[in-house]
Every structure is written in structure tokens, then in C-alpha cells.
Amino acid sequence: MADTAILNVAAYAFVAIDDPHALHARVRERASALALLGTVLVAPEGINLFLAGAASAVREFLADLRSDARLAGLHAKESWSPAVPFRRLRVKVKREIIRMDHPAIQPAGSRAPSLPAATLRRWLAQGHDDKGQPVVMLDTRNAFEMDYGTFEGALDWRITRFTEFPRAFDAHRGELEGKTVVSFCTGGIRCEKAALYMRESGLDDVWQLEGGILQYFEETGGAHFKGSCFVFDEREAVDAKLAPRTTAPAA
């Protein structure tokens, strides 16, 4: 592990936070004290974080967060790198931890069903879900992220920011009717909101990929995924082994 001594974690939780400024102060104090770098967003709807540092420090920070009953179930996806891929620590209070501009969508109150990575891999291998219905992979990330890599045959609506997703869904809804839709993104946060939006818009057979691409890589080795996964730090992207990629994205 000498050449990959830095632990990187990505985690989020949609949970009601009635004191976002107080949680912000606590998070900033603990992350600073543990010399962690990265970004943490706190909002009334939950928390979203990407942090890196010494493994013991990262795990101590996560344990402290989970001591808050609201965040006890926080699940972090781990990867390793030879250096910290962030230049500074940023902790911010936001209106949403992932902006969609649809206040009625409240994942803290309800969520679309999640699909385990192993089940998705099996569905993709057999060409249909367990009901025999065709499976559509829907990438909810921005277009430039898809250019690094995505699931084979995934729908690409070329959105440039997540706030465009509802409009894109309304325009392309016909492509999804009568099919089993699996929404996915980097770590799960965008596809969770997207799946809930689609279900509340009347589309029944909608799933979210549990833990996003990063967890899928960890649990399946990246079967049926082509390319690498863009990440929002100085690694730029990671491959199916969760190692920083070494080749440029396809033109």
C-alpha cells in the first residue's frame, strides 16, 4: 500500500438536517483537525462529501459523523491514490446537496428502489430483467462525464448540468415506456433524485443503481462498462479497479 497511501472516500445521505449551519461548523472543525482535504456540502436535505487523507484520519472522521444518529447509516465508497487529489478543504452550506430545482423531490422522505450491482450485472448479461422486460441504462451525469466512459448502450441525453434532467426526461419519456429503467451516476446521489423524479412523474419500473458507478466497479469489476469514471478531483477519472486512469478519454 506504500504507493497508494491516501484513502479517498465519497459518501452522501439524504436525511433531514434541521441545523445545517451547526453541522457545517462541526464538520469543518473535525476535518481540519484531521488534515483532510476535499469538499463537504451540507443542506436541509442531507450531506454530500468527497474527502481524502491518511486512512486513520478519514475513518476517524467518518466514525465521528456516524455518531450523529441522523448519519449512522452513512456508507462511504473507498479508493486509494498515491497523493491527496484535492488542494484544499471546502465545507459549504447549500440549498440542496445536489441541485435539481424541484423542491417537491425529497429523497429524505421516500426513495426509488435501489438495484444491487450484482443484480444489474446479471440483468445486463441476460439482456432483460427478472420479468423478461428490456433494461434501459440511463446516465444521469453531464455529457462530458459520459465521454470518459459509461455502460454499454446507455442513453445519453447530453445534459450539461443536473438541473436540465427533468426537462430532458419530459422530452425523452417515450424512450422509457414499457421498459425497466436503471438510472446511474458516479456515486448514487444524482441517480437517486432522478429515479424519484421519474417515479413521481408516473413511470413505474424505475430503479437507481445502488452506490453508483463507483460501487459497481468495486463489486463487479466493471462488467458491461466501457471506459473510466470521471471523478471531481485531481485524479480526473478512475478505472474499474478504482485506480487513477492513465489514458485520455476517447475523442
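We number each residue from 1, following the sequence as shown.
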query: What's the shortest heavy-atom distance between Leu62 and Ala76, and which atoms?
result: CD1-CB, 3.8 Å
statement: All heavy atoms of Pro20 vs all of Val42, minimum pair found to be O-CG1, 3.6 Å
- prompt: Closest approach of Ile17 and Ala43, non-hydrogen atoms and distance?
  reply: CB-O, 3.4 Å
Pair Asp205-Lys131, side chain to side chain contact (heavy atoms under 4.5 Å, CB included): steps then yes or no: CA-CA 11 Å; Asp205 293 312; Lys131 298 183 296 184; 3.0 Å; yes
4.5 Å side-chain heavy-atom contact, Pro85 and Asn8: yes
- prompt: Aromatic rings Phe14 and Tyr12: how do their planes relate, parallel, tilted or perpendicular, breaks at 30° and 60°?
  reply: perpendicular
message: Looking at Asp139 and Arg141, is any side-chain nitrogen of the basic one under 4.0 Å from a carboxylate oxygen of the acidic one?
response: yes
task: Would you mind checking if Arg95 and Glu45 are paired as a salt bridge, meaning a charged N to carboxylate O distance below 4.0 Å?
output: no
Short N-O contact, Asp64 and Arg59, less than 4.0 angstrom: no
query: Would a 4.5 Å heavy-atom cut-off, applied to side chains only, mark Arg173 and Ser201 as touching?
result: yes
- prompt: Do Leu34 and Leu89 share a hydrophobic cluster, counting only Ile, Leu, Val, Met, Phe, Trp and Tyr and linking them when any side-chain heavy atoms are less than 4.5 Å apart?
  reply: yes
- request: Please answer whether the main-chain N or O of Gly187 pairs with a side-chain N or O of Lys77 as donor and acceptor at a distance below 3.5 Å.
  value: yes
message: If hydrophobic clusters are built by linking Ile, Leu, Val, Met, Phe, Trp and Tyr wherever their side-chain heavy atoms come under 4.5 Å apart, do Val15 and Ile97 end up in the same one?
response: no
field: Minimum-distance pair of heavy atoms, taken over all atoms of Gly222 and Ala240
entry: CA-CB, 4.0 Å
field: CZ on Arg90 to CG on Leu49, rounded to 0.5 Å
entry: 13.0 Å
- prompt: Are any non-hydrogen side-chain atoms of Lys92 and Val40 less than 4.5 angstrom apart?
  reply: no
query: Please walk me through it: do Glu210 and Thr119 pass side chain to side chain contact (heavy atoms under 4.5 Å, CB included)?
result: CA-CA 10 Å; Glu210 185 67 33; Thr119 303; over 6 Å; no
From Ser228, Ser81, Ser79, residue fulfilling side-chain hydrogen bond (donor to acceptor under 3.5 Å, both in side chains) relative to Arg235: Ser79
- request: For the pair Trp157 and Phe169, name the ring-plane relationship: parallel under 30°, tilted 30 to 60°, perpendicular over 60°.
  value: tilted
task: Check whether the side chains of Thr180 and Gln133 place a donor and an acceptor atom closer than 3.5 Å, and report yes or no.
output: yes
- request: Would you sort out whether Glu78 and Val58 count as a side chain to side chain contact (heavy atoms under 4.5 Å, CB included), showing the intermediate values?
  value: CA-CA 10 Å; Glu78 297 186 355; Val58 172; over 6 Å; no
task: Give a yes or no on whether the ring-centroid distance for Phe144 and Phe230 is below 6.0 angstrom.
output: yes
Distance (rounded to the nearest 0.5 Å) between Leu155 CG and Lys179 NZ: 7.5 Å
message: I'd like to check Asp130 versus Arg122 (side-chain heavy atoms, cut-off strictly below 4.5 Å). Are they in contact?
response: yes
- request: Heavy atoms only: give me the nearest Ala112-Val206 pair and the separation to one decimal.
  value: CB-O, 4.4 Å
task: Kindly indicate whether the side chain of His24, heavy atoms from C-beta on, has any atom under 4.5 Å from the side chain of Arg26.
output: no
field: Phe232 side chain near Glu145 side chain, heavy-atom distance below 4.5 Å
entry: yes
message: Taking the side chain as everything from C-beta on, heavy atoms only, tell me whether Phe86 gets closer than 4.5 Å to Ile6.
response: no
- prompt: Run the side chain to side chain contact (heavy atoms under 4.5 Å, CB included) check on Lys94 and Arg99 step by step: do they pass?
  reply: CA-CA 9 Å; Lys94 293 282 191 177; Arg99 184 179 170 190; over 6 Å; no
Spacing of CG belonging to Leu41 relative to CD belonging to Glu96, to within rounding of 0.5 Å: 11.5 Å
statement: For Trp207, the hydrophobic cluster (side chain heavy atoms closer than 4.5 Å, chained through members) also holds Leu115, Leu120, Trp123, Leu124, Val135, Met137, Phe151, Val182, Phe184, Leu209, Ile213, Leu214, Tyr216, Phe217, Phe225, Val231, Val238, Leu242
Full working for salt bridge (Lys or Arg N to Asp or Glu O under 4.0 Å) between Arg70 and Asp18: CA-CA 11 Å; Arg70 299 170 297 183; Asp18 58 4; 3.5 Å; yes
task: Establish whether Leu176 and Ile105 are linked, either directly or via other cluster members, by ILVMFWY side-chain heavy-atom contacts under 4.5 Å.
output: yes
message: Are more than 12 heavy atoms, taken from residues, nucleotides or ligands other than Glu29, located less than 6.0 Å from that residue's CD atom?
response: no
- prompt: Using a distance-only test with no angle check, is there a side-chain donor-acceptor pair under 3.5 angstrom linking Gln106 and Ser110?
  reply: no
Check against salt bridge (Lys or Arg N to Asp or Glu O under 4.0 Å), Asp156 and Arg158: CA-CA 5 Å; Asp156 176 7; Arg158 306 309 290 176; 2.6 Å; yes
task: May I ask you to test the Arg190-Asn142 pair for a side-chain heavy-atom distance under 4.5 Å?
output: yes
query: Does Ser32 reach the main-chain N or O of Arg28 with its side chain, forming a donor-acceptor pair under 3.5 Å?
result: yes
query: Which heavy-atom pair separates Ser183 from Cys191 by the least distance, and what is that distance?
result: OG-O, 3.0 Å
message: In this structure, would Ile189 and Leu71 fall into the same cluster of hydrophobic residues linked by side-chain contacts under 4.5 Å?
response: no
message: To the closest 0.5 Å, what do you measure between CG (Asn48) and CD1 (Ile98)?
response: 7.0 Å
- prompt: Which value, rounded to the nearest 0.5 Å, describes the distance between Tyr197 atom OH and Met100 atom CE?
  reply: 7.0 Å
message: Running the 4.5 Å side-chain criterion over Ile, Leu, Val, Met, Phe, Trp and Tyr, what cluster does Val93 land in, apart from itself?
response: none
query: Could you give the distance from OG1 (Thr140) to CD (Gln208), rounded to the nearest 0.5 Å?
result: 10.0 Å
Any pair counted as side chain to side chain donor-acceptor pair (under 3.5 Å), so long as it reaches residues 217-226, sequence neighbours left out: Gln215-Glu219
field: Within one Ile-Leu-Val-Met-Phe-Trp-Tyr cluster: Ile47 and Leu37, side-chain cutoff 4.5 Å
entry: yes
